[in-house]
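To start, the structure under review is shown below, and the notes come after it.
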Amino acid sequence: MAKSVERLYTAMERLYTHGGDIYRNKVRYDFSVNVNPLGMPTKSIEAAKRAVELSDRYPDYMGEQLCARLSEAEGCRAGDIILGNGAAELIYSLCQSVKPKLAIIPSPAFKEYENAASASGAEVVRVCSNERDGFAFSARKLISQIYALRQEDARLLFLCNPNNPTGRLLDNEDLRRIAWVCEEKSITLLVDECFLPFCDAEEEHTMKHELECFKHMCVLRAFTKVYAMPGLRLGYLLTADSVLREGIRRQLQPWNTSLPAQMAGLAALEEKDYIMKARRLIAEGREYLSNELSAIGGISVYKSDANFILFSVEGRCMCDRAKPSYLYDRLLERGIMIRKCNDFDGLEFSRKRQFYRIAVRSRRENEELIKAVKEVL
């Protein structure tokens, strides 16, 4: 029995490659997950607690009150909103609904795009950016790849803005050009904007106001990162395509968003200055971390517009050359967890270079990280 449980845990560890695994590690500072450094809003915590007391009843399976409030906040119709148990559930449900023969993914990218597409039976086509250009996104390269595919094959395209793990924002004109191509080719376009509210230029880059123009487009957002509530699991998808909406809803289980999640989400939307305060904190922290890391020999920092930073470490900085995850392991010994990026396409570890991603945290936490990195390297 013990061996069976051990094999199960080993299999799960191979499947789970994300950050945030504080349950099997002793962690004081978690830089591996990109959540708001301000923490969950107090009103949301209080609302979730009240919801627990009311949890002798089922949650509203339609999330009607939350959808109505979201429609005001996002400037879209309440009927265009689908609630999910986090953004991940909506990604998987979209793939199961569309059942694409091919899924196009600019790389490096969030691993669950590929996992969800593969689970639905799709072949994955990657359009890779390269390190020489700082992992800058190329709309021309992507559009060329779309036109090179057979019309009947390409049915789903993922775009993350700003991209995870690079933190790079996509140009709005490029996004519109790609959306028009997807309309022409009848390709479902998912624009993942889960990190966009952290950016000052959110309104200039969002596609949520373009839903009526691009019927094949969905916009994905979540409370998870922005309101620091990953444990409650609350995401939402916006699309004006009624057929696609119904197809996705058929893939979802009833009552997929809990009462604490819905009530915490409603309370979060009442916070007026929370996002602006977070943006200021993140902009300052991102500049501090980028400058400090860049000053350390052997570290290359890549431009980011998001609440996280991608950087690489040259292999010659590693004291233990046989162990590429040296920096990760030594920081974890000090109670600091960062995100290994070796599971992202194009960011695989080698003895010459290793890629890591860190979230922007509070000033004190950021300083603790820099101090530890200097000690280790």
Would you indicate whether Glu348, at its atom CD, is surrounded by more than 12 heavy atoms from other residues, nucleotides or ligands within a distance under 6.0 Å? yes
Could you check whether atom CD of Glu333 has more than 12 heavy atoms from other residues, nucleotides or ligands sitting under 6.0 Å from it? yes
Report the residues that fulfil side chain to side chain contact (heavy atoms under 4.5 Å, CB included) with His216, sequence neighbours left out, ordered by chain and then residue number. Glu183, Ser186
Considering only NZ, NE, NH1 and NH2 on the basic side and carboxylate oxygens on the acidic side, decide whether Lys111 and Asp343 come within less than 4.0 Å. no
With a 6.0 Å cut-off (strictly less than), is the heavy-atom count around CD of Glu270, excluding the residue itself, greater than 12? yes
Verify the ring-centre separation between Phe110 and Phe158: is it less than 6.0 angstrom? no
Students should find that the hydrophobic cluster of Met276, defined by side-chain heavy atoms under 4.5 Å apart, otherwise consists of none
NZ/NE/NH1/NH2 to OD/OE distance under 4.0 Å, Arg249 and Glu246: yes
Asp30: side chain to side chain contact (heavy atoms under 4.5 Å, CB included) partners, not counting sequence neighbours: Ile22, Val27, Ser32, Val33, Met337
Under 6.0 Å from the NZ atom of Lys26, do we count more than 12 heavy atoms belonging to anything else shown? no
Could I get the full list of side chain to side chain donor-acceptor pair (under 3.5 Å) partners for Glu203, not counting sequence neighbours? His209
How about Glu89 and Asn256: does a side-chain donor come under 3.5 Å of a side-chain acceptor? yes
Heavy-atom neighbours of Asp273 CG exceed 12 at 6.0 Å: no
Can we say Arg221 and Glu202 salt-bridge, meaning some charged N sits less than 4.0 Å from an Asp/Glu carboxylate O? yes
Linking directly or through intermediates, with side-chain heavy atoms under 4.5 Å: list the remaining ILVMFWY members grouped with Tyr92, chain and number order. none
Apply side chain to side chain contact (heavy atoms under 4.5 Å, CB included) to Pro41 and list each qualifying residue two or more places apart in sequence or on a separate chain. Ser44, Tyr227, Glu271, Tyr274
